[in-house]
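Atoms within a ligand are numbered from 1 in the order they appear, just like the ligands themselves.
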Amino acid sequence: MDVVPAVATAVPFLDLRAGYDELRAEIDASIGRVLDSGMYILGEEVAAFEREYAEYCGCAHAIGVANGLDALHLALRAMGIGAGDEVIVPSNTYIATWLAVSQCGATPVAVEPDPATHNLDPARIEAAITPRTRALLPVHLYGQPADLDPILDIGRRRGLRVLEDGAQAQGARYKGRRLGGHGDAVAWSFYPGKNLGAFGDAGAITTNDAALADRLRVLRNYGSRVKYVNEVQGWNSRLDPLQAAILRAKLPYLDAWNARRGAIAARYAAAFTGLDLVLPGVPAWAEPAWHLFVVRVAQRERVQSRLSAAGIGTLIHYPVPPHRQGAYRDLALPGDGFPLADRLAGEVLSLPIGPQQDARATQAVIDAVRACL
Ligand SMILES: *Cc1c(COP(=O)(O)O)cnc(C)c1O
């Protein structure tokens, strides 16, 4: 009989409020500093965050924008991608990765993942390249770095730009080096639930390419460098100084909070070995940020509802892949064209791994999972 033991602790999937409670003094002071400054668009607070985040990522430039989707979209625009172009994207990602390509008037061309890592499979990329392909857009999904070296090699050989979607991977390392300056640019989201999360929408692009950085600063600000002089048709997508100040307060804690996530991941991996589930595959060169801890289980709905009954919050990232969304009906993609993305969508289950989750809560998750597998 599979009876789930009653747990004393209800474990939320992610407790954002607990993150605020831990840093309340610093965050309140940062907000007060912005309110007192009288400077409410761009200004020194945004510039300071851009310097600090670029330094953290080990690269030359960071450009703050309004959100992660804009970071992706504007980075592609700054690379000159537009109508008629194709960009290689993963078949299994959050739809923002595809939408950024579509917003440029370009076409997302999906490539299936390596099922062990859930990340873009470099061995499948070249077959998807056509004369229209302009860029490769790997995603560091769930905080696991994608295998960048073979992807960058394809980019160099085929003359393609490489933009990375780092929305879920702040602080992750690939072959010992933090993400941020491997490809031509990395787009970041600071959506509240991300590893480095603002208290509203926020995003950024990092790059070592000075010309690209310069174009991005113009594109995010109405196409303007000098007030009321508009060089190009730009967007209004500036990082809010209140969010920049909050991010500055949180950035010094990012590594420590990622380490807590990593410790929870290690406890899960040890406790679940031998159970009838597939653990996240972590290549030797990867130091993940553990944004999500995603297992694959058969009968996922049954497991999820039993965990829910035991007070354990879980989510599915993501239940419907982009090729099956109404938003992409017009691409007329074959429904059965992406069997790996479909299979993952049917089996993935994300367990709680927030940085404020204590040892008792982690044990409660472990007990509940063990009781139903
Ligand atoms: C969160 C996320 C985005 C979009 O970020 P927003 O700030 O919500 O616009 C893009 N790509 C991935 C993989 C994400 O997880």
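Arg370 forms no cation-pi arrangement with Phe272, by the criterion of a distance under 6.0 Å to the ring centre and an angle within 45° of the ring axis.
Ring-centre distance between Phe190 and Phe49: below the 6.0 Å cut-off. Side-chain rings of Tyr53 and Trp188 approach one another, their centers coming within less than 6.0 Å.
Using the six-membered ring where Trp is involved, Tyr94 and Tyr318 have ring planes that are tilted, between 30° and 60° apart.
A single hydrophobic cluster is not seen to contain both Leu72 and Val162; linkage of ILVMFWY side chains at heavy-atom distances under 4.5 Å, directly or through other members, places them apart.
For ligand 1, the atoms lying closer than 4.0 Å to a non-hydrogen atom of Ala167 are 2 (C), 3 (C), 10 (C), 11 (N), 12 (C), 14 (C), 15 (O). Taking every heavy atom of Gly68 and a limit of under 4.0 angstrom, the matching atoms of ligand 1 come to 5 (O), 6 (P), 7 (O), 9 (O). Which parts of ligand 1 touch Ala96 is read off a 4.0 Å heavy-atom cut-off, strictly below it: atoms 3 (C), 4 (C), 10 (C).
Under a 4.0 angstrom heavy-atom cut-off, His140 registers as lying outside contact with ligand 1.
By the 4.0 Å N-to-carboxylate-O rule, Arg238 lies too far from Glu50 to be salt-bridged with it. Using a 4.0 Å cut-off between charged side-chain N and carboxylate O, Glu44 and Arg51 make a salt bridge.
In terms of protein heavy-atom proximity, atom 15 (O) of ligand 1 is nearest to Gln168 NE2, 2.8 Å. Atom 11 (N) of ligand 1 has Asp165 OD2, 2.8 Å as its closest protein atom, hydrogens excluded (heavy atom only). The nearest heavy-atom contact from the protein to atom 8 (O) of ligand 1 is Tyr191 CD1, 3.8 Å. For atom 1 (C) of ligand 1, the nearest protein heavy atom (residue, atom name, distance) is Lys194 NZ, 1.5 Å. Here the protein heavy atom with the shortest distance to atom 9 (O) of ligand 1 is Leu69 N, 2.9 Å.
Looking at Ser189 next to ligand 1, an N or O pair under 3.5 Å apart turns up.
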